[in-house]
Amino acid sequence: MENTEFAKVFWEIAELLELKNENRFKIRAYQKAAQNIESLSENLSAVYKKGGIKELEEIPGIGEHIALKIEELIKTGKQKNHQQLLKEFPRGFIEMMRVPGIGPKTALMLRKKLKIDTADKLQTAVAKGLLKELPGFKEKKIENIKKGIALKERVKGRFLLSEADQYVTALVDQLKKLKEVEEILPAGSYRRGKETVGDIDILVTAKKSEPIMKAFALFPQVDRVLSQGPTRSSVILRNGMQADIRVVQPKEFGSAAHYFTGNKQHNILIREMAVKKGLKVSEYGVFKGTKWTAGKTEAEVFKAVGLPYIPPELREGTGEIEAARKGKLPDLIELADIRGDLQMHSKYSDGGNTIEELVEKAQELGYGYIAITDHTKSTRVAGGQTEKEIIKELAHIDRLNGKLNGFRVLKGAEVDILPDGTLDFPDSVLKVLDVVIAAVHSNFKMPREKMTRRIIKALENKYVNLLSHPTGRLIGKRDPYEVDIEDVIKAAKETGTYLEINAYPERLDLSDLHCRRAKEAGVMMSIDTDAHAAAGLEAMKYGVMTARRGWLEPKDIINTYPLAKLIKLLYAKR
DNA sequence: GCCGTTTTCGGCCCGACTGTTTTCAGTCG
């Protein structure tokens with residue numbers, strides 16, 4: 001069972017207990033547990049295997065009872081209370097409660113009065129006008145439910161960070177033009193650099209808010225307005241994404257930025273620390289009694305609770321506060337630390353640009369080196385080259401390097417890992433390459449153990465210095481293949497192979513959690529764009545974001561080192 | 001249900017907006 005599956009059970013228990021009008025702190029306990037499980041870098045089953053119930057209870061938010069439920073899930077795949085609750089409220093009913101605007105109270109009334117217990121039935125009832133008969137249901141409320149159903153249809157989940165990025169940039173550009181606007185900060189999961197973003201939160205400081213709210217609602221990206229008040233407005237953008245804008249006073253900027261950046265768990269922890277110090281933290285500032293004492297900057301808020309500044313990407317409530325308290329926050333990698341890009345494709349395989357064009361773009365980005373890593377013969381659909389064909393490309397690179405000053409093109413290939421774990425090129429070819437990237441591009445649906453063995457076998461080849469997109473996932477499109485990532489990390493450590501953080505927005509593979517795990521295991525990584533065109537080199541920022549979320553520092557990333565040191569690292573295994 | 005440099009029992013973050021409630025409940029973030 002994957003951690004997300006464990007978490008899903010506890011999210012559902014929380015929702016079901018809400019329906020039963022259970023103690024809200026109990027509900028929160030389940031939510032907290034679910035959230036903590038989701039952000040755990042180690043698989044729960046592995047934790048349990050290591051030290052049983054006691055080890056599970058070490059995880060924040062997990063006590064005796066939830067630990068026992070986890071044990072039950074590991075042993076039987078099911079959990080009794082969860083099953084019992086599902087009998088009372090089937091999944092269709094929970095689904096209905098997830099329609100925006102429908103909470104537990106409304107859902108229960110709908111079922112009691114009209115026997116509506118699925119989202120589909122709700123839609124039919126709305127269409128037939130049955131809701132009018134209910135107490136407290138007038139035109140507006142029914143209209144909202146109608147819109148909620150339509151929205152749910154259209155918005156299936158979250159959006160790629162890169163897609164959110166486009167909208168954020170557009171919205172910020174327009175906000176900048178309003179004369180009332182002072183500071184602008186896109187906050188929320190976007191600012192934390194999460195791989196997917198549920199909605200966009202933009203914080204603005206201004207003395208007067210109405211003109212901003214009015215203008216915002218009329219931006220061309222806005223499809224419709226959900227709500228509009230003096231401090232907060234919510235809209236749905238044309239791509240179905242929700243965007244919230246919050247306007248605060250300049251002196252509230254720091255506390256508001258902190259609050260709107262989240263995540264929720266992190267905020268709760270900070271507020272609890274404040275309470276213990278006799279303070280109150282809200283989006284409007286840090287207060288002693290009713291007296292405002294701080295909040296102009298985020299650093300002030302952290303300082304008030306006795307902490308140093310914590311970068312947004314770490315604010316997930318997964319140990320960053322503890323680390324901050326001990327002065328052990330990582331010195332996170334930044335985009336400017338990147339000195340080169342070790343995976344990209346040229347016209348020799350399926351790339352859109354020549355090597356010269358890629359070099360030009362890389363120089364524009366201030367890099368000192370790149371590796372050209374075209375596909376090999378097995379990946380025919382992507383123009384994979386044979387052993388003979390790549391010789392020409394390598395000669396081309398040699399000639400080019402002869403002309404370049406202070407810049408180096410490394411000779412590489414993205415070599416297929418065949419189903420039996422052998423590589424697409426013989427060692428006699430691999431050994432003339434500087435960068436040998438191994439990757440799985442076929443036979444994704446292997447059993448877990450076989451896939452794990454396949455990949456580890458490739459890592460054992462002394463010429464393979466980098467494993468590309470280690471889990472093969474495409475966010476929102478394709479699940480990772482079945483592979484024991486823990487074993488792969490271990491094998492990377494033992495063989496001296498580096499793991500890749502593929503910065504391609506749809507991949508971000510390794511994920512943030514796996515990065516953190518790999519670092520803990522002492523494995524170095526590289527951040528590469530896997531660009532198929534010169535412009536694709538700009539995606540590096542998403543890979544860096546992921547690395548930051550994985551607590552990585554420049555020293556953990558091989559392409560932050562100068563060329564000479566990088567070459568040493570690349571040849572260390574031979 | 002979790003948790004403990006105020007607690008092993010008694011707490012548990014804080015606020016905005018909507019709609020219809022004449023003082024607030026429900027929902028959301």
Side-chain angles (χ1 to χ4, degrees), chain A residues 10 13-15 17-37 56-70 81 97-110 131 134-145 147-148 151 187-189 197-203 209 213 225-235 242-248 252 255-256 258-287 295 301 305-306 317 325:
Chain A
F10 294 118
I13 290 179
E15 283 177 299
L17 292 179
E18 261 187 311
L19 286 164
K20 295 191 69 108
N21 203 18
E22 255 286 0
N23 175 319
R24 66 198 172 97
F25 297 108
K26 191 194 250 189
I27 293 165
R28 190 184 296 162
Y30 277 107
Q31 291 169 336
K32 207 185 223 176
Q35 175 154 24
N36 287 344
I37 290 168
L56 290 173
E57 285 183 42
E58 291 299 307
I59 300 167
I62 294 180
E64 192 192 344
H65 290 83
I66 292 185
L68 282 168
K69 290 185 169 70
I70 292 169
N81 307 54
M97 204 170 77
R98 289 183 187 148
V99 172
I102 305 272
K105 298 287 188 291
T106 313
L108 281 174
M109 175 159 70
L110 287 169
L131 266 47
L134 297 174
F137 276 74
K138 296 216 167 148
E139 198 112 342
K140 283 251 181 166
K141 189 160 179 172
I142 294 170
E143 190 56 30
N144 277 338
I145 290 175
K147 283 178 182 164
L151 178 65
S189 52
V197 172
D199 57 14
I200 293 172
D201 292 293
I202 298 179
L203 176 66
S209 74
M213 294 308 195
V225 177
L226 290 176
S227 67
Q228 192 174 324
T231 70
R232 192 184 85 194
S233 292
S234 296
V235 303
Q242 181 170 330
D244 294 346
I245 187 170
R246 336 282 292 235
V247 179
V248 300
E252 300 160 349
S255 45
H258 178 259
Y259 172 64
F260 296 130
T261 297
N263 76 355
K264 191 168 179 177
Q265 187 59 29
H266 170 91
N267 285 352
I268 289 174
L269 292 169
I270 295 290
R271 286 178 176 190
E272 281 172 356
M273 287 180 78
V275 169
K276 282 185 186 136
K277 288 185 181 295
L279 300 168
K280 183 185 77 170
V281 170
S282 79
E283 52 263 56
Y284 301 109
V286 180
F287 295 86
V301 177
V305 296
R325 195 186 284 138

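Note on naming: letters A, B, ... go to the chains in the order of the sequence lines (proteins, then strands), and numbering restarts at 1 for each one.
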Note, A:I145 side chain near A:F137 side chain (heavy atom, < 4.5 Å): yes

Length of the CD1-P vector between A:I66 and B:dC3, whole Å: 9 Å

Rounded to whole angstrom units, what separation is found between the CD atom of A:E18 and the C1' atom of B:dG1? 15 Å

A:H65 NE2 to B:dC3 C1': how many Å, rounded? 14 Å

Below 4.0 angstrom from OP1 or OP2 of B:dG15, is there any side-chain N or O of A:T231? no

Of the candidate nucleotides B:dT27, B:dG29, B:dC14, which contains the atom at the shortest distance from the side chain of A:T106? B:dT27

Could you check how far NZ of A:K140 sits from C1' of B:dT27, rounded to whole Å? 16 Å

In whole Å, measure the gap between the C1' atoms of B:dC14 and B:dC9 for me. 25 Å

Rounding to an integer number of angstrom, what distance separates B:dT18 and B:dT23 when you compare their C1' atoms? 15 Å

For B:dG1 versus B:dT6, give the span between their P atoms, rounded off to a whole number of Å. 27 Å

A:R24, CZ atom: more than 12 neighbouring heavy atoms under 6.0 Å: no

For A:L226 and A:D199, take the nucleotide of DNA chain B holding the closest heavy atom to each; which residue's nucleotide lies nearer the 5' end? A:L226

Answer with base, sugar-phosphate or nothing: what part of the nucleic acid does A:I62 contact at a heavy-atom distance below 4.0 Å? sugar-phosphate

Spacing between A:K276 atom NZ and B:dC12 atom P, to the nearest angstrom: 11 Å

Side chains of A:Q265 and A:K32: closer than 4.5 Å at any heavy-atom pair? yes

Could you list by number each residue of residues 262-273 of chain A showing a heavy-atom separation from DNA chain B of less than 4.0 Å, or answer none if no residue does? A:K264, A:I268, A:R271, A:E272

Interatomic distance at P, B:dT22 relative to B:dG15, whole Å: 26 Å

Output the single nucleotide from B:dG29, B:dC12, B:dC2 whose closest atom is nearest the side chain of A:Q242. B:dG29

Starting the side chain at C-beta, find the nucleotide from B:dC14, B:dT20, B:dG1 nearest to A:K280. B:dC14

With a 4.5 Å heavy-atom cut-off, do A:V235 and A:V225 have their side chains touching? yes

Is there a side-chain contact between A:V286 and A:V305 in this structure, where contact means two heavy atoms from C-beta onward sitting under 4.5 Å apart? no

Rounded to whole angstrom, note down the C1' distance from B:dC13 over to B:dT8. 23 Å

Is there a side-chain polar atom (N or O) of A:K277 under 4.0 Å from OP1 or OP2 of B:dT6? no

Does A:L110 form a side-chain contact (heavy atoms from CB on, under 4.5 Å) with A:L131? I'd like the steps, not just the answer. CA-CA 8 Å; A:L110 287 169; A:L131 266 47; 4.2 Å; yes

Smallest heavy-atom separation, A:R271 atom then A:V281 atom, equals NE-O, 3.1 Å

So which of A:L269, A:N263, A:I268 actually passes side chain to side chain contact (heavy atoms under 4.5 Å, CB included) with A:H266? A:N263

Expressed as a whole number of angstroms, how long is the span from A:E57:CD to B:dG1:C1'? 12 Å

Whether A:Y284 contacts B:dA16 is assessed here as follows: a side-chain N or O lying under 4.0 Å from the phosphate OP1 or OP2. Is that the case? yes

Could you state the atom-to-atom distance from CG of A:L56 to P of B:dG1 in whole Å? 16 Å

Rounding to the closest angstrom, what is the interatomic distance between B:dT21 and B:dG26 at atom P? 13 Å

Counting side-chain heavy atoms from CB outward, which of B:dG29, B:dC14, B:dG1 is closest to A:S282? B:dC14

Given the P atoms of B:dG11 and B:dA16, what is the spacing between them in whole Å? 26 Å

So which nucleotide does B:dT8 pair with, by the Watson-Crick or G-U wobble rule with both distances under 3.5 Å? none

Which is true for A:R28 with a 4.0 Å heavy-atom rule: it touches a base, it touches only sugar-phosphate, or it touches nothing? base

Heavy atoms under 4.0 Å, any strand shown: does A:G101 hit a base, just sugar-phosphate, or nothing? sugar-phosphate

Can you see if the side chain of A:K26 gets near the phosphate of B:dC12 - specifically, an N or O under 4.0 Å from OP1 or OP2? no

Between atom CZ in A:F137 and atom C1' in B:dG26, what is the gap in whole Å? 11 Å

Smallest separation among heavy atoms of A:A107 and A:L19, with atom names: CB-CD2, 4.5 Å

Base, sugar-phosphate, or nothing: which does A:F25 touch, judged by heavy atoms less than 4.0 Å apart? base

DNA chain B: A:S227 or A:A29, which has the more 5' nearest nucleotide? A:A29

